[in-house]
Undergrad: 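Below is the structure I would like to discuss, written out as structure tokens.
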Amino acid sequence: MKKVTCTAPVNIAVIKYWGKRNEELILPINSSLSVTLHQDQLKTTTSVAASREFTEDRIWLNGKEENINHPRLQSCLREIRRLARKRRNDGGDENVSRILNYKVHLCSVNNFPTAAGLASSAAGYACLVYTLAKLYGVEGELSEIARQGSGSACRSMYGGFVQWVMGEKDDGKDSLAKQVEPESHWPELRVLILVATAEKKHVGSTAGMQTSVETSPLLKLRADLVVPERMEAMIESIRKKDFDAFGQLTMKDSNQFHATCLDTYPPIFYLNNVSQRVISMVHQYNTYYGQTKVAYSFDAGPNAVIFMLEPTVNEFVEVVKLCFPPETNGDQYLKGLPVGPSTLSEGLQSAIASDPNPGGVRYIIVTKPGPGPMQSQDLTLDLLGSDGMPLHCA
């Protein structure tokens, strides 16, 4: 039996992907750009084993066996195996030749809420593709395969700041992810995730964006006219480490994405009253300082992702606590990178002042940009036992 375990990161788009021009190949109607988050705080771990003892391909996600015949899963498996066969035929590793005849067991876990607007499918499919590639000795361009599992998964194949170039070809061969800058480029950047809910979305991303493509005139306008210019400006702001420009573009793009959801018929509401309160809190904070010190972004869910530079973190966490006092339910309110104490001035308190919403934010994850997928040598991370079955299973 051959066994491999890898980890892969979550990414948060600052120029949003919403809408496909080809549903089957997952080709987008616009390019997008994201920040890869650090795996110390948020990651998917996947173990894969291949053995002559296995009678069928099987997969377990977060402790529960799922259907391996899901079309997107099959696309990724098929493509990786095709590349492995090609490599074998070109005189590759004999071991690969052997295990290509074996069935595989896959086991994957997220250390964050699945399907709560935290890009779980992106990390999941990136991890699946990367782990299978390691198993079969496949190297080279993998983002095109990850894209066929989940569009945004292609961006989780790299660390730091990553663009997904939409491409023009019908076969999708030029619809790939490319790293804009590595995570080491902007070490002061910090990311706070304000988890308002861990519930599953009412309207999943796949169904939501299909309805938007069919019914929203604003979406077409955005893809054709707005995003191309925004992509250039966003890449420039990252290269120059210009937080003011980066923050404003991030917020404007998030707002426009949710405007296209409202322009969809029937409309889609991903933001809730907590999300709206977070938006006003961020603008009140920036107005108080007369500059863009913090910036929000919301994916297809109510959880806020807030970007800032490291010196702002301690004070802004206190601002969040002022607006959303932690409920003493025994859960840890702050998770991730350490946060120091901070005292808010009276002026700032009155600038933010409003009715507090206790428990509106359940907890905060403090993180920063991080690296792409990695193979693990740590045996304690293995999810499959010596018999190829999950070690922890419901």
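Residue numbers count from 1 along this sequence.
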Undergrad: Are Phe316 and Tyr285 an aromatic pair, judged by ring center distance below 6.0 Å?
TA: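 Yes.
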
Undergrad: Hey, any chance Leu83 and Val4 share a hydrophobic cluster, counting ILVMFWY side chains that come within less than 4.5 Å of each other, even indirectly?
TA: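 Linked within one cluster.
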
Undergrad: Tell me whether Asp299 contacts the main-chain N or O of Ile12 through its side chain, where contact means a donor paired with an acceptor under 3.5 Å.
TA: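 No, because the side chain of Asp299 does not come within donor-acceptor range (under 3.5 Å) of the backbone of Ile12.
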
Undergrad: Between Glu236 and Arg239, is there a side-chain N and carboxylate O pair less than 4.0 Å apart?
TA: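 The answer is no: the pair does not qualify as a salt bridge.
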
Undergrad: Identify whether Val109 and Tyr125 are in the same connected component of the hydrophobic contact network (ILVMFWY, side-chain heavy atoms under 4.5 Å).
TA: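 Cluster IDs for Val109 and Tyr125 differ.
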
Undergrad: May I ask you to decide if Pro28's main-chain N or O and Arg21's side chain share a donor-acceptor pair within less than 3.5 Å?
TA: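 Yes; at least one donor-acceptor contact below 3.5 Å.
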
Undergrad: How long is the straight-line distance from CE of Met308 back to CG of Leu192, given to the nearest 0.5 Å?
TA: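 The distance works out to 4.5 Å.
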
Undergrad: Between Tyr296 and His283, does the ring centroid distance fall short of 6.0 Å?
TA: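 Ring centroids of Tyr296 and His283 are less than 6.0 Å from each other.
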
Undergrad: Under a 3.5 Å distance rule, please check whether Ser216 uses its side chain to pair with a backbone N or O of Val213 as donor and acceptor.
TA: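 Such a contact is absent between Ser216 side chain and Val213 backbone.
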
Undergrad: Would you name the heavy atoms of Arg147 and Cys154 that are closest together and state the gap between them?
TA: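 Nearest heavy atoms, Arg147 then Cys154: CB-CB, 3.9 Å.
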
Undergrad: Using the ring of each side chain (for Trp, its six-membered ring), is Phe246 parallel, tilted or perpendicular to Trp186, with breaks at 30° and 60°?
TA: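 Plane angle over 60°, so perpendicular.
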
Undergrad: For Val104 and Asp57, which heavy atoms make the closest approach, and how far apart are they?
TA: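 Closest heavy-atom pair between Val104 and Asp57: N-OD1, 2.8 Å.
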
Undergrad: At their closest point, which heavy atom of Lys3 faces which heavy atom of Ala49, and how far apart are they?
TA: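 Heavy atoms of Lys3 and Ala49 come nearest at CG-CB, 4.0 Å.
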
Undergrad: Tell me which one of Val319, Asn286, Val313 satisfies side chain to side chain contact (heavy atoms under 4.5 Å, CB included) with Val294.
TA: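 Only one option passes, and that is Asn286.
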
Undergrad: Distance-only, no hydrogens or angles: does the Asp244 side chain make a donor-acceptor pair with backbone N or O of Gln291 under 3.5 Å?
TA: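 A pair under 3.5 Å: no.
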
Undergrad: If two hydrophobic side chains count as joined below 4.5 Å and joins carry through other members, does Leu383 share a cluster with Ile59?
TA: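 Each belongs to a different hydrophobic cluster.
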
Undergrad: State plainly whether one hydrophobic cluster holds both Ile80 and Tyr102, where clusters connect Ile, Leu, Val, Met, Phe, Trp and Tyr through side-chain heavy atoms under 4.5 angstrom apart.
TA: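 Yes, it is one cluster - the side chains of Ile80 and Tyr102 are joined through contacts under 4.5 Å.
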
Undergrad: Would Arg81 and Glu79 pass as an ion pair if we require N to O under 4.0 Å?
TA: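 Looking at Arg81 and Glu79, the cut-off is not met.
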
Undergrad: Quick one: do Leu100 and Arg85 satisfy side-chain contact (heavy atoms from CB on, under 4.5 Å)? Show the steps, please.
TA: CA-CA 8 Å; Leu100 267 168; Arg85 271 197 245 6; 3.7 Å; yes

Undergrad: Counting N and O atoms only, with roles assigned by atom type, does the side chain of Arg87 sit under 3.5 Å from a partner on the main chain of Gly137, one being a donor and the other an acceptor?
TA: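 Judged by distance alone, yes, a pair lies under 3.5 Å.
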
Undergrad: If you measure only the distance, is there a donor-acceptor pair under 3.5 Å linking the side chains of Thr312 and Glu310?
TA: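 Note: Thr312 and Glu310 side chains miss the donor-acceptor criterion.
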
Undergrad: Taking Val274's backbone N and O only, do any of them form a donor-acceptor pair with Asn357's side chain (distance below 3.5 Å, no angle check)?
TA: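 No: the side chain of Asn357 does not pair with the backbone of Val274.
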
Undergrad: Please verify the inter-ring angle class for His185 with Phe161; under 30° counts as parallel, over 60° as perpendicular, anything in between as tilted.
TA: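 Taking Phe161 first and then His185, their aromatic rings stand perpendicular (interplane angle over 60°).
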
Undergrad: Start with the C-alpha distance between Thr46 and Thr7, add both sets of side-chain angles, then the distance that settles side-chain contact (heavy atoms from CB on, under 4.5 Å), and finish with yes or no.
TA: CA-CA 6 Å; Thr46 300; Thr7 62; over 6 Å; no

Undergrad: Looking at Met234, is its backbone amide N or carbonyl O close enough to the side chain of Ser237 to form a donor-acceptor pair, meaning the two atoms are under 3.5 Å apart?
TA: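 Checked: pair present.
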
Undergrad: Say whether, by atom type as modelled, one donor and one acceptor occur between the side chain of Lys2 and the main chain of Leu135 under 3.5 angstrom.
TA: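 Present.
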
Undergrad: Among side-chain atoms of Thr367 and Gln41, is any donor-acceptor pair under 3.5 angstrom?
TA: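 The criterion, which ignores hydrogens and geometry beyond distance, is satisfied for Gln41 and Thr367.
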
Undergrad: Any idea which heavy atoms bring Thr292 and Phe243 closest together, and the distance?
TA: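 In terms of heavy atoms, the two residues are closest at O-CD2, 3.3 Å.
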
Undergrad: Verify, without hydrogens or angle tests, whether Ser32 (side chain) and Tyr17 (backbone) share a donor-acceptor contact under 3.5 angstrom.
TA: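 Between the backbone of Tyr17 and the side chain of Ser32 there is no qualifying donor-acceptor contact (under 3.5 Å).
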
Undergrad: Run the salt bridge (Lys or Arg N to Asp or Glu O under 4.0 Å) check on Arg277 and Asp355 step by step: do they pass?
TA: CA-CA 10 Å; Arg277 178 68 191 98; Asp355 293 340; over 6 Å; no

Undergrad: Would you tell me whether Asp263 and Thr260 have side-chain atoms, one donor and one acceptor, within less than 3.5 Å of each other?
TA: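 Side-chain D/A pair, Asp263 to Thr260: absent.
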
Undergrad: So, for Pro267 and Leu262, which heavy atoms are closest and what is the spacing to 0.1 Å?
TA: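 Closest approach of Pro267 to Leu262, heavy atoms only: CB-O, 3.5 Å.
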
Undergrad: Taking Ser175 for its side chain and Met166 for its backbone only, find out whether a donor-acceptor pair lies under 3.5 Å.
TA: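 Yes; judged by distance alone, with no hydrogens or angles, the pair exists.
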
Undergrad: Enter the distance from Glu232:CD to Gln163:CD here, rounded to the nearest 0.5 Å.
TA: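 Result: 10.5 Å between the selected atoms.
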
